[in-house]
Protein chains: 2
Amino acid sequence: MIRVMIAEDQHMLRGALSSLIELETDMEVLAEVSDGDKAWEVIEKEKPDVCILDIEIPVVSGLELAEKIRATEQSCKVLMVTTFARPGYLQKAIDLEVEGYLLKDEPIDYLIDAIRKVINGERVISTDLAATLFMKETNPMTERETEVLRLVKEGLTTNQICDRLFLTKGTVRNYLSAVIQKLYAESRQQAVKIASEKGWI
Amino acid sequence: MIRVMIAEDQHMLRGALSSLIELETDMEVLAEVSDGDKAWEVIEKEKPDVCILDIEIPVVSGLELAEKIRATEQSCKVLMVTTFARPGYLQKAIDLEVEGYLLKDEPIDYLIDAIRKVINGERVISTDLAATLFMKETNPMTERETEVLRLVKEGLTTNQICDRLFLTKGTVRNYLSAVIQKLYAESRQQAVKIASEKGWI
DNA sequence: GATTATATATGACACGTGTCATAGGGTTCC
DNA sequence: GGAACCCTATGACACGTGTCATATATAATC
């Protein structure tokens, strides 16, 4: 019997997945939770064989949870599930060496199948995503530029950034000017968006 | 037998809902589609009793589809389903007099139940949403201000807006200044966000 | 008829933003 | 010793943005 835990914040999907997995004769759903904190409790107490983790769950995200699972050497296999094909998420998941990474745009049969595969020690990834791994671009920004853009993402203004990094106003603006050009953006906001999607900040 | 159509672009959820509805003895799923165009074809040909429409589906949105259904006096009941509790969406759905409006954050049982209720001529709305209807705020912007903000949302700059509306630069900026204050925003972008969520633009 | 709200406009001020030219330090590597 | 990068900085220019004071005309309302 494969013991599964589901961490997904959208109630309707969570319930539906749970019901359908229960219908499989070789699987059972140990618990279904709506946030990362509760998920962690279940993982520690119940030691599920497979965790299905949505990336965008409250309190502790699926990626942070996967990191924690790896750090504490839990035996459970991790299957990430998400709506968006963000290269950033995918990259982090791969760095964490999770067993599977699926899009919610796949049929459920694919998920059920994936559960059995990861139990067998196989790796699973949505076909759409496999392609993006080959087309992976490298971050054209320097370290400092990346750092500055990260602060813009946090909502800081030019002045707040130069206070934080002990730089002058002009330097910060120069960095951002360079970033905007390197990313073919038209404004800092757009640059943040582009870099986020690529997983660079 | 209640004949149901499901229009939902997220494959996993669509399939799951479909399977679970099929398990009910008094319901059958006529078709499950991923966009508004296909949904319309099914509605015209198959005349389902109930349409479950996600608001955010490609090509033709769930709201546009509901409008079309009303305009052509199709007999089918409409159940809107969405992720977000945007008052704007809700307001439009109510204006269209749809039979039900549920959040994906509800359990599936609630959805199944809702299908039976709308068939019986009842109205269904998520409890969370019913509350927001009472707290509905009125748009503090004048017509002209709303119009200008709508153009900002489309991505136009001040200059493009004054060309479009045959106004001077100063006037447009005055309007936006007023809008920003009325909505307690800190920039035009934030004003767009606030007004969108309230359903004013 | 006076008041109030709206649509429109102008001019001015302060700031934020993006770009450019330029320049002095520091690594790293051929 | 250069060449090629990176980090840092300055000063200047052009534009965009938000605010304010002020003004006129029109329409609605009391």
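Here is how names work: the chains are called A, B, and so on, in the same order as the sequence lines, proteins then strands, and each is numbered from 1.
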Short N/O separations, protein against nucleotides 6-8 of chain D, under 3.5 angstrom:
unit_1, atom_1, unit_2, atom_2, d
D:dC7, OP2, A:Thr142, OG1, 2.7
D:dT8, OP1, A:Arg144, NE, 3.2
D:dT8, OP1, A:Arg144, NH2, 2.9
D:dT8, OP2, A:Arg144, NE, 2.4
D:dT8, OP2, A:Tyr175, OH, 2.8

What are the two closest non-hydrogen atoms of B:Pro58 and B:Ser34, and how far apart are they?
CD-O, 3.3 Å
Taking only residues at least two apart or on different chains, which pairs with a member in residues 172-186 of chain B satisfy side chain to side chain donor-acceptor pair (under 3.5 Å)?
B:Glu145-B:Lys182
Note: B:Arg150-B:Glu147 ion pair, threshold 4.0 Å (strictly below)
no
Look for any protein N or O under 3.5 Å of an N or O in nucleotides 15-18 of chain C and output each such pair with its distance, or none.
unit_1, atom_1, unit_2, atom_2, d
C:dG16, OP2, A:Asn159, ND2, 3.4
C:dT17, OP2, A:Thr158, OG1, 2.7
C:dT17, O4, A:Arg173, NH2, 3.2
C:dG18, OP1, A:Arg188, N, 3.2
C:dG18, OP2, A:Arg188, NE, 2.5
C:dG18, OP2, A:Arg188, NH2, 3.1
C:dG18, N7, A:Arg173, NE, 3.4
C:dG18, N7, A:Arg173, NH2, 3.1
C:dG18, O6, A:Arg173, NH2, 2.1

Under a 4.0 Å N-O cut-off, is there an ion pair linking B:Asp35 with B:Lys38?
yes
What do you reckon, is NZ of B:Lys92 surrounded by more than 12 foreign heavy atoms closer than 6.0 Å?
no
Under-4.0 Å salt bridge between A:Lys104 and A:Glu56:
no
With a 4.0 Å cut-off, would you call A:Arg14 and A:Asp54 a salt bridge?
no
